[in-house]
Amino acid sequence: MKGGAIHSPPMPANVPEILSQRLLEAMRSAVGGTLPQGASPALSPAKNPQFGDFQANGCMALGKQVGKPPRDLAAAVVGSLARDAAFLEIAEAPEVAGPGFINIRLKPAALASALDAMDGPALGVPAPAPARTVVVDLCGVNLAKEMHVGHLRATVIGDALARLHARLGHRVLRQNHFGDWGLPIAMVTLEVKTRSEAGRLDMASLTLDRLEALYRHAKAASTPDKAALALCRRHGLGPKATAECEAQALAAEENLARAKSALVALQSHDPAYVRVWERISEVTLAACFENCRRLHADVTGEHTAGESSYAEELAPLVADLEARRVAEPSDGALVIRLDEFGIKEPVIVRKSDGGFIYATTDLAAIRRRVQKLGGEVVIYAVDARQSLHFRQVFAGARKAGYTRTASGAEATLVHAAFGTVLGEDGRPFKTRSGDNVKLADLLDEAVARAERAVAEKNPALDAAERRLVAEAVGIGAIKYADLSSDRIKDYVFSFDRMLAFEGNTGPYLQYALARIRSIFRKAREQLGIDEASLVSRRAALALSAPEEKAIALELLKYPGVLAASAEACEPHRLCGYLYDLATAFSAFFSNCPVLQAPDDATRLSRLRLCHLTGRVLKDGLDSLGLIPLERM
RNA sequence: GCCCCCGUAGCUCAACUGGACAGAGCAACGGAUUUCUAAUCCGUCGGUUGGAGGUUCGAGUCCUCCCGGGGGCGCCA
C-alpha cells in the first residue's frame, strides 16, 4: 500500500452499522431510558448459519449490569425491533434464543445492497478517526551477521503490521534498528582492518559470508576459554595443555583490550576505523536489503537507523535522567527503578565502567520515535525472549517522560512479541551442525520447491513467468506460514506444509485469486465481458444459492477483520479470514457455474461476486505483504 | 529461587478477547471431473481443551493451586 490508503465516504448502506444502532436504541427502551456505561449490542456475524446472519449478544451483559434476566431484556428488545421500520427494512423480525441471544436474518435485498455499497474504492474500510502515526520496529539486523529465521519473523511480521496500519489509513514509519555499535562491532572492525592492512583481505570484494566468519573468529579470539582452562585444572591434563589454555586466556585478554581501544577509536571518529566500519556496514545492509526485497518487505536505507545513530545522544540522555533523578546510582551503575510499574528488576542505563548498554540505546530510540518522529503508537516486532527487557524499557521511558507526545498524550508502546521457529523435530530451527540457517538459503529452497510444483501443475507457463510465479509462491508460502499462526507461539517450520495447496497456506489463497482472474480472462475472451464495465453498470446481485450467500456474508466481514487484526497486531486473524473467504469461494466455484450460468442476470451477478471476492483477496494479500498473481 | 509465555483431535493450527454443539488442514476411509485452473470440492472417522478447584446465566478464554514444555532474570545485544 503506497502513500495514502483509500477510504469510504460515510456509507448509506452499512448494514452492521444500522443494525447496531437500532439494537442499541431498542436496548435503551428495554431498560427504560439510560443505558449503563459501555453497553453495546455486541453484534457479530452469526457463528452458525442456523442462527441467522448476525447475532447480538449484548443483552446478556446488559442483564448482568442492570440486574434483570437477560432473556426478558432480549424479548423486550426483539419486541421493539419488530415495530422498528428502519430495522425491518433490512432484516426479518429477530428471534430470541438461548439465554438471551438475538438472532438476525437479513432480507436478501439488504444483503445485496450492503455488498453493492462495499464495492467502492475502499472496500468498506472507513477512514480512521483519527489517523495516527504508527512507528514499527522491524527486521533488526546486526552488523557482520547473516539474517536467519529470527530476522525472518521480525521482518515479515513487522512489515505486515506496517502494511495493516497503512491500509487502515494511518501514517506508518518503519524503523530497522540496525545493531551496528558496541564492543562486538569494534572487534570485527579491528579484525577486518588488521587483515586488510596486512594485505590479506580485499575490502572491495568483501562478502557478508566472509565477514561473519571473521566476526566469529574475532569474538572467539577475545573470549577466554574458561571451560577448557577449568578442565585442565580439574583433571590435571598436564603442563602442556594447561600452558596452552593459559596462553589462550592471556591472548584473549589482550585482544579484548585491543577491541576496547578500537571501540574508543570508533567513538572518537578515527577515520581509519570509521572507513572500515562503514564498509562492513555497507556489505551487511546490502545483503539485508536484498533479502527484504526478495521478501517483498518494505525495508530500505530510509527505514534504517543504526544504533550508532544514537551514540551521541546517550550521554546527554543519561545526564538528563540523572539530573531529574529519574535514574539513581546502584553499585556503581546508574539504574531506573521500576517498582511503581510492578517490575522488580531495575533497568541499567549506565554501567559501572561508565559505558552505556542496549537499554540506553532503546530509551533513546523511544524518545526519538515518539518525540521527533511523532509516533503515537510504537510497535516492536521482536522476539518474545526480550519481553522483560521491553517491559523495563517501556516503563523506564514512561517514567522519564519520553513517551509524552507533542500533544501531551502518552504514546502507546507495544511489544508484538513472537515465538521461536522450530524444526520438525520440535527443537529450534538449526542446521545439522547447530548453526543458524541462512535466510537467503531458506528462500532459495522455498522458491526451488515452488518452481518444481508450478512446472508440474501448470506446464503451459513459459519459463520466465514460471520463474516469477515460483518466486511469489515460494516466498509467499514462507511468509504466510509465519503470519498465519498466533505470533506469540513457537511454530514448526515445514516446507511441505507451507507449500501445500490445501489448507490455510499462501499458495491456496494465491490459487483462489488466480482462478478468479482466470474467469475474467475467459469472460473477456469468450463473451466480451469487461470487468470494469461490470462494476460501473452495477449489475444486480442475486444471492440465491447457499454458496453465493455464504460468500456475501463472508465479504461483509472484511473491514471489521482488518481493523481487529491491526488493532491487536495479529496478522493471523486476517489470514484466517482470507482462508475462510477462499474456502467459501472454492465451494462457490465448484457448485455455481459463472460463465456457464443459466441466464445472463445470474452470470452478471456471479461475475460481480467473483470481482468483489478477487478484490478482497488481493487487498488482503497486499495488506499481509504477499504477491497476488494473475496466473499460477 | 522469582518472573513471563505456551499446553486444544495421531500431527500442524484456529476459536472474533466471556457466548450457542470447540472448528480447519494433514493423515485414514468414501464420493464428485462432457463445466470457468481437480493445485479443487463434498462426506465419514477423530476431543474429559494438561489436571483440580473457583468466579457466573455461560469458561478453551478470567482467578487460585498443581503437572509438563520453553524462555528470561541489573553491568552481553
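First the proteins, then the strands, lettered A, B, ... as listed; each starts at 1.
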- Message: Taking B:C42 as the reference, what is the distance to B:G7 when you measure between their C1' atoms (whole Å, please)?
- Response: 33 Å

- Can A:Glu630 and A:Arg521 be counted as an ion pair, charged N to O under 4.0 angstrom? yes

- Message: Give me the distance, rounded to whole Å, that separates B:G23 from B:C45 when you measure between the C1' atoms they each carry.
- Response: 16 Å

- Message: Assess whether a salt bridge exists between A:Lys557 and A:Glu554, defined as any Lys/Arg side-chain N lying under 4.0 Å from an Asp/Glu carboxylate O.
- Response: yes

- Task: Assign A:Asn458 to base, sugar-phosphate, or nothing according to its heavy-atom contacts below 4.0 angstrom with the strands shown.
- Result: base

- Message: Give me each pair satisfying salt bridge (charged side-chain N to carboxylate O under 4.0 Å, His left out) with a member in residues 592-609 of chain A, each pair once, sequence neighbours excluded.
- Response: A:Asp116-A:Arg608, A:Asp119-A:Arg608, A:Glu548-A:Arg606, A:Asp600-A:Arg603

- Query: Counting heavy atoms not belonging to A:Arg524, are there more than 12 under 6.0 Å from its CZ?
  - Reply: no

- Task: Mind checking A:Phe520 for me? I need base, sugar-phosphate or nothing, with any heavy atom below 4.0 Å counting as a touch.
- Result: nothing

- Message: Under 4.0 Å, heavy atoms only, any strand: does A:Asp331 hit a base, just the sugar-phosphate, or nothing?
- Response: base

- Message: Once you apply a heavy-atom cut-off of 4.0 Å, does A:Ser586 come out as touching a base, just sugar-phosphate, or nothing?
- Response: sugar-phosphate

- Sugar-phosphate only, base, or nothing, as touched by A:Ile488 at under 4.0 Å among non-hydrogen atoms: sugar-phosphate

- Syn or anti for B:G74, please, going by whether the chi angle lies within 90° of 0. syn

- Enclosure of A:Glu212 CD (heavy-atom neighbours >12, cutoff 6.0 Å): yes

- Taking NZ, NE, NH1 and NH2 as the nitrogens, is one of them in A:Asp383 or A:Arg385 under 4.0 Å from a carboxylate oxygen of the other? yes

- Decide ring-ring contact (aromatic ring centres under 6.0 Å, His included) for A:Tyr358 and A:Phe356; before the verdict, give the C-alpha distance in whole Å, the side-chain angles of both, and the deciding distance to 0.1 Å. CA-CA 7 Å; A:Tyr358 60 115; A:Phe356 305 121; over 10 Å; no

- Scan A:Arg631 against the nucleic acid and name what it touches under 4.0 Å (heavy atoms): base, sugar-phosphate only, or nothing. base

- What is the nucleic acid contact for A:Leu595, judged by heavy atoms within less than 4.0 Å: base, sugar-phosphate only, or nothing? base

- Give one of base, sugar-phosphate or nothing for A:Asp362, where a contact means two heavy atoms less than 4.0 Å apart. nothing

- Message: Show me, range against range, the stems involving RNA chain B, built from at least 3 consecutive Watson-Crick or G-U pairs below 3.5 Å.
- Response: B:1-7 with B:67-73, B:10-13 with B:23-26, B:28-32 with B:40-44, B:50-54 with B:62-66

- Query: When you check the glycosidic angle of B:U35, does it come out syn, meaning within 90° of 0, or anti?
  - Reply: anti

- Query: Heavy-atom count around A:Gln65 CD within 6.0 Å, excluding the residue itself: above 12?
  - Reply: yes

- Comparing nearest nucleotides in RNA chain B, the 5'-proximal residue of the pair A:Glu307, A:Lys344 is A:Lys344

- Query: Between B:C3 and B:U17, how far is it from one C1' atom to the other, in whole Å?
  - Reply: 24 Å

- Item | Range on RNA chain B touched by chain A - first to last nucleotide, heavy-atom distance under 4.0 Å | B:C2 to B:A77

- Query: Looking for any heavy atom pair under 4.0 Å, which part of the strands does A:Gln526 touch: base, sugar-phosphate only, or nothing?
  - Reply: nothing

